[in-house]
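Just so you know, these numbers come straight off a predicted model, no measurement behind them. If you read the sequence from its start, that first residue is 1, and numbering goes on from there. As the structure lists them, so they are numbered: ligands from 1, and atoms in each ligand from 1.
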Amino acid sequence: MWRRAASLSPLLSPSKSSLLHQGLCRLTFWGAFTTDIMHPAKGGIASKEKLPFITFVLGGPGSGKGTQCAKIVETFGYIHLSAGDLLRKEIASNSENGAMILDTIKEGKIVPSGITVKLIQKEIESSDNYKFLIDGFPRCEENRIAFEQIIGMEPNNVLFFDCPEDEMVKRVLSRNEGRVDDNIDTIKKRLKVFSALNLPVIKHYTEKGKVYKVNAVGSADEVFEQVRPIFTEFWMD
Ligand code: UDP
Ligand code: MG
């Protein structure tokens with residue numbers, strides 16, 4: 001039996017930034033027009049013994065997604081797939097798309113969906129586990145649609161870390177991880193992209209009753225005390 005453990009996110013305001021949307025997240029993925037009919041690839045995920053159980057972990061830059069994912073992994077035994085980390089690994093491995101991915105990240109824009117989804121797909125397919133946290137993805141509706149088409153399933157649920165912008169800026173500027181995009185200019189762009197393109201994804205899943213919203217202000221342990229009961233409920237029976 002599935003029960004709702006936290007209140008639904010009431011984020012229903014439409015994005016006003018259609019220009020941003022066109023510029024940063026073009027519908028280059030043709031399958032996007034047939035969202036409702038999903039055609040999972042033969043073999044791959046569909047042929048796994050146990051279907052994946054997928055939670056998308058969303059929230060703005062610095063909202064604590066990575067920190068909380070580490071705690072969820074420790075407590076509930078998930079595989080943590082950070083889309084940003086997978087892309088940074090691509091850059092570090094000098095792959096053919098590395099330079100383009102680096103430029104995109106420096107600009108705070110969104111890497112083409114096909115690239116990110118394939119990286120995620122490879123990780124899911126090669127894992128023996130079936131419980132996945134997908135952190136920082138999908139970042140826009142096109143990402144979401146590409147995932148659902150290529151992977152052939154929707155996430156089981158979505159965890160959304162709700163954090164005020166000034167708090168996110170403060171955290172990102174003080175985390176000193178040496179990231180090319182943790183500077184004030186790129187952060188401002190990332191925040192714009194988040195509210196224009198990522199909030200519509202959260203709205204979409206809210207309407208489907210899949211979003212668990214968590215107040216991301218507080219210490220990592222305090223925030224985890226909101227996260228823990230949500231995941232406990234997922235695995236109750
Ligand atoms: N990124 C992307 N697609 C993704 C995930 C990340 O294009 O699915 C890029 C994007 O430029 C983003 C950057 O990688 O700003 C860093 O993402 P990450 O999730 O690591 O950062 P966060 O938003 O958590 O600070
Ligand atoms: Mg992260």
Q.
Tell me the protein heavy atom at minimum distance from atom 10 (C) of ligand 1, and give that distance in Å.
A. K109 O, 3.2 Å
Q.
Under 4.0 Å from a heavy atom of A83: which atoms of ligand 1 are those, numbered in the order shown and with their elements?
A. 4 (C), 5 (C), 8 (O)
Q. Does the ring of Y78 carry K131 above it, NZ/CZ under 6.0 angstrom from centre and within 45° of its axis?
A. yes
(Q) Judged on heavy-atom distance to atom 14 (O) of ligand 1, which of L102, D103, I134, I105 sits nearest? (A) I105
**Q.** Contact check, side chains of T232 and F76, non-hydrogen atoms, under 4.5 Å
**A.** yes
Q. When you measure from atom 8 (O) of ligand 1 to every protein heavy atom, which one gives the shortest distance, and what is it?
A. F137 CD1, 3.2 Å
Q. Do R88 and ligand 1 have an N or O pair less than 3.5 Å apart?
A. yes
Q) With respect to atom 13 (C) of ligand 1, which of D181, T104, L58, V117 exhibits the smallest heavy-atom separation? A) D181
Q: With the side chain counted from C-beta on, respond yes when I79 and E123 share a heavy-atom pair under 4.5 Å apart, and no when they do not.
A: no
**Q.** ligand 1 atoms in contact with G136 (distance to a heavy atom under 4.0 Å)
**A.** 4 (C), 5 (C), 8 (O)
Q.
Would R190 count as being in polar contact with ligand 1, using the rule that some N or O on each side must be under 3.5 angstrom apart?
A. yes
Q: Tell me which protein heavy atom sits closest to atom 23 (O) of ligand 1, plus the residue, atom name and distance to 0.1 Å.
A: R139 NH2, 2.7 Å
Q.
Could you report the tightest heavy-atom contact between M153 and P52, atom names first, then the distance?
A. CE-O, 3.4 Å
Q.
So is R179 touching ligand 1 or not, going by heavy atoms under 4.0 Å?
A. yes
Q | SB check E74 K71 (cutoff 4.0 Å) | A | no
Q.
Among all the protein's non-hydrogen atoms, which is closest to atom 7 (O) of ligand 1, and how far away is it?
A. V111 N, 2.7 Å
Q: Say whether R175, considering both its backbone and side-chain N or O atoms, lies within less than 3.5 Å of an N or O atom on ligand 1.
A: yes
Q. Taking only heavy atoms of T116, which atoms of ligand 1 are found under 4.0 Å from at least one of them?
A. 8 (O)
**Q.** Pair F56 and F147, ring centroids less than 6.0 Å apart
**A.** yes
Q. So do R139 and V201 actually touch side chain to side chain, heavy atoms under 4.5 Å?
A. no
(Q) To check your reading of the model: name the closest protein heavy atom to atom 24 (O) of ligand 1, its residue, and the distance in Å. (A) K65 NZ, 2.8 Å
Q. Is any side-chain heavy atom of I105 closer than 4.5 Å to a side-chain heavy atom of I91?
A. yes
Q: Identify, for atom 1 (N) of ligand 1, the protein heavy atom at the shortest distance, and state residue, atom and that distance.
A: L87 CD1, 3.4 Å
Q. Any N or O on G60 sitting closer than 3.5 Å to an N or O of ligand 1?
A. no
Q | Non-hydrogen atoms of S82 and R88 that approach each other most closely | A | OG-NH2, 4.4 Å
Q: For the pair R190 and D182, find out whether any cationic side-chain nitrogen is under 4.0 Å from an anionic carboxylate oxygen.
A: yes
